There are 2 protein chains.
Amino acid sequence: MDAVPLGLTEPLDFDSDVPVYEQISNRIKFAIARQAYRPDTRLPSVRSLARNLVVNPNTIVRVYRDLEQEELIYSKRGVGVFVSPQADQRCRLDRLVIVEEKLREALEVARRANLNDKELEELWQRLRLQS
Amino acid sequence: MDAVPLGLTEPLDFDSDVPVYEQISNRIKFAIARQAYRPDTRLPSVRSLARNLVVNPNTIVRVYRDLEQEELIYSKRGVGVFVSPQADQRCRLDRLVIVEEKLREALEVARRANLNDKELEELWQRLRLQS
DNA sequence: GTCGCTGTTCTATAACACTAGAACAGTAAC
DNA sequence: GTTACTGTTCTAGTGTTATAGAACAGCGAC
């Protein structure tokens, strides 16, 4: 029984510079933020999520360990891992920080590339409409 | 004599997920694009650029090797490395592709984060005004 | 020729991300 | 008890990025 819902299992980008464990971590935070997983409900097991993402279980272990260190989840050996109380609020904050960081990086590159305001705004609007 | 001008020597971001050699490579492309280095003029030597960027010479070797493979530069042993003819045109194209790629990544994360149009646009405008 | 610069090519080392596989331990259902 | 899941911990190996250091070869000025 491993129906892992809600966009957690879309294929990862293994060619990305962003480490796989970070992509997974972000997805879980985003899922908690939109309350796809409510406080005190179970997240997918280490092995089932690893299977669904076609990733080594150890990678999921690392993700869950990190999230537990941030106190966003807690785990019960033999039972599963669960969303912490108030995790949703903190994930909603994290969510903005994560997107902001990516946008900052893009803007920094644009600045270095010497794009002027008009070029940048045109590019932005074009890409926005595509997605 | 190693006055390397024109933003090639600003400190790198060693904490970035983007590899150092890629950051350097992009900077050189941007510099060529804005004709800070004209076709058939010399780029900084391997060792001087390495010194200025506080990076191992082998890292610069890799950057120059990659750029030469793209035929954006050519090297003369014992003399230096030089900008290829028409490299500036191709770098101006590359420049847009590089920025577009970063913006796409940011938009993809924003989509996953479930940001709505209003939140995204507000964030964008806020960050734009900061820089 | 020497000297001092150029690019080029090695090997070795280390850190990090990720895989592979095994083993151990706790829980729940039967 | 057994079975089948849970999380946890460990060792080993791979590929990539980057550093460190040495050596070789070409060019130009003296």
Side-chain angles (χ1 to χ4, degrees), chain A residues 1-4 8 11-28 37 40-84, chain B residues 1-4 8-9 11-28 37 40-84 87:
Chain A
M1 195 69 85
D2 41 277
V4 182
L8 236 58
L12 296 163
D13 182 358
F14 292 99
D15 295 331
S16 171
D17 286 332
V18 181
V20 167
Y21 76 86
E22 193 177 324
Q23 293 181 46
I24 300 172
S25 177
N26 284 349
R27 287 194 191 184
I28 293 173
Y37 296 95
D40 293 316
T41 60
R42 259 198 73 195
L43 288 164
S45 78
V46 166
R47 289 172 181 80
S48 75
L49 186 53
R51 215 167 355 183
N52 282 307
L53 289 174
V54 195
V55 140
N56 193 281
N58 285 335
T59 304
I60 308 297
V61 167
R62 170 170 185 178
V63 171
Y64 280 169
R65 199 199 319 122
D66 291 353
L67 290 175
E68 186 161 24
Q69 211 142 12
E70 293 185 64
E71 297 183 333
L72 295 174
I73 64 177
Y74 59 92
S75 59
K76 296 184 192 170
R77 181 181 225 147
V79 184
V81 308
F82 301 83
V83 178
S84 297
Chain B
M1 195 68 85
D2 41 279
V4 182
L8 235 59
T9 58
L12 296 163
D13 181 0
F14 292 99
D15 295 331
S16 171
D17 286 333
V18 181
V20 167
Y21 76 87
E22 193 177 324
Q23 295 180 45
I24 300 172
S25 176
N26 285 348
R27 287 194 190 183
I28 294 173
Y37 296 95
D40 293 317
T41 60
R42 259 197 74 194
L43 287 164
S45 77
V46 167
R47 290 172 181 81
S48 76
L49 187 52
R51 215 169 357 193
N52 281 308
L53 289 173
V54 194
V55 139
N56 194 280
N58 285 334
T59 303
I60 307 297
V61 167
R62 170 169 188 181
V63 169
Y64 281 169
R65 200 202 313 124
D66 291 354
L67 291 174
E68 186 161 26
Q69 211 142 14
E70 293 185 64
E71 297 182 334
L72 294 174
I73 65 177
Y74 59 93
S75 60
K76 295 183 191 170
R77 182 182 226 146
V79 184
V81 307
F82 301 84
V83 178
S84 298

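Keep in mind the model is a prediction, meaning the values are calculated, not measured. Here is how names work: the chains are called A, B, and so on, in the same order as the sequence lines, proteins then strands, and each is numbered from 1.
Taking atom CZ of residue Arg51(A) and atom C1' of nucleotide dA20(C), one finds them 16 Å apart after rounding to whole Å. Gln69(B) has its CD atom 12 Å from the P atom of dT8(C), to the nearest Å. Atom CD in Glu22(B) sits about 15 Å away from atom P in dT16(D), given to the nearest Å. Atom-to-atom, CD of Glu68(A) to P of dT9(D) comes out at 9 Å; the value is rounded to the nearest Å. Spacing between atom CG of Asp15(A) and atom P of dA17(C) amounts to 17 Å, rounded to whole angstrom units. When the P atom of dT6(D) is taken as reference, atom CD1 of Ile60(A) falls 13 Å away, rounded to whole Å. At whole-Å resolution of the value, CZ in Arg47(A) and P in dT19(C) are 16 Å apart. Taking atom OH on Tyr74(A) and atom P on dT6(D), their separation rounds to 17 Å, with Å as the unit.
Set against dG7(C), dT19(D), dT8(D), the side chain of Arg77(B) has dG7(C) as its closest nucleotide. Side-chain proximity of Thr59(B) to dT19(D), dT8(D), dG7(C): nearest is dT19(D). Closest contact between the side chain of Arg42(A) and the listed nucleotides dT9(D), dT6(D), dT27(C) involves dT6(D). Checked against dG7(D), dA18(D), dC27(D), the side chain of Ser45(A) finds its nearest nucleotide in dG7(D).
Across all strands shown, Arg62(B) has heavy atoms under 4.0 Å from sugar-phosphate atoms exclusively, and none from any base. Residue Val55(B) is classed as a sugar-phosphate contact, given heavy-atom separations below 4.0 Å to backbone atoms only. Heavy atoms of Val81(B) sit under 4.0 angstrom from primed sugar atoms or phosphate atoms, though from no base atom.
Comparing Val54(A) and Val79(A) by the nucleotide of DNA chain C that holds the closest heavy atom to each, the one mapping nearer the 5' end is Val54(A). Toward the 5′ end of DNA chain D lies the nearest nucleotide of Lys76(A), the other residue of the pair Lys76(A) and Phe14(B) mapping further downstream. Sequence order on DNA chain D of the closest nucleotides to Tyr64(A) and Asp17(A) puts Tyr64(A) first from the 5' end.
One finds the CG atom of Leu8(B) at 9.0 Å from the CG atom of Asn52(B) (value rounded to the nearest 0.5 Å).
On a pure distance criterion of 3.5 Å, no polar donor-acceptor pair joins the side chain of Asn56(B) and the base of dA18(D). Side-chain atoms of Asn58(A) come within donor-acceptor range of the base of dG21(C), with a qualifying N/O pair under 3.5 Å.
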inquiry  = Before you tell me yes or no, could you show the steps for Tyr37(A) and Ile73(A) under side chain to side chain contact (heavy atoms under 4.5 Å, CB included), namely the whole-Å CA-CA distance, both residues' side-chain angles and the distance that decides it to 0.1 Å?
reply    = CA-CA 11 Å; Tyr37(A) 296 95; Ile73(A) 64 177; over 6 Å; no

| task | Just do the side chain to side chain contact (heavy atoms under 4.5 Å, CB included) check on Ile24(B) and Arg27(B) with the steps written out, would you? | result | CA-CA 5 Å; Ile24(B) 300 172; Arg27(B) 287 194 190 183; 5.6 Å; no

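OP1 or OP2 of dT17(D) lies within a sub-4.0 Å distance of a side-chain N or O belonging to Tyr21(B).
With Glu68(A) contributing its side chain and Ser75(A) its backbone, the two residues share a donor-acceptor pair below 3.5 Å.
By the 6.0 Å contact criterion, CD on Glu71(B) is open, its count of non-hydrogen atoms from other residues, nucleotides or ligands being 12 or less.
Of the residues Leu43(A), Asp40(A), Ile28(A), the one that meets the side chain to side chain contact (heavy atoms under 4.5 Å, CB included) test with Val83(A) is Leu43(A).
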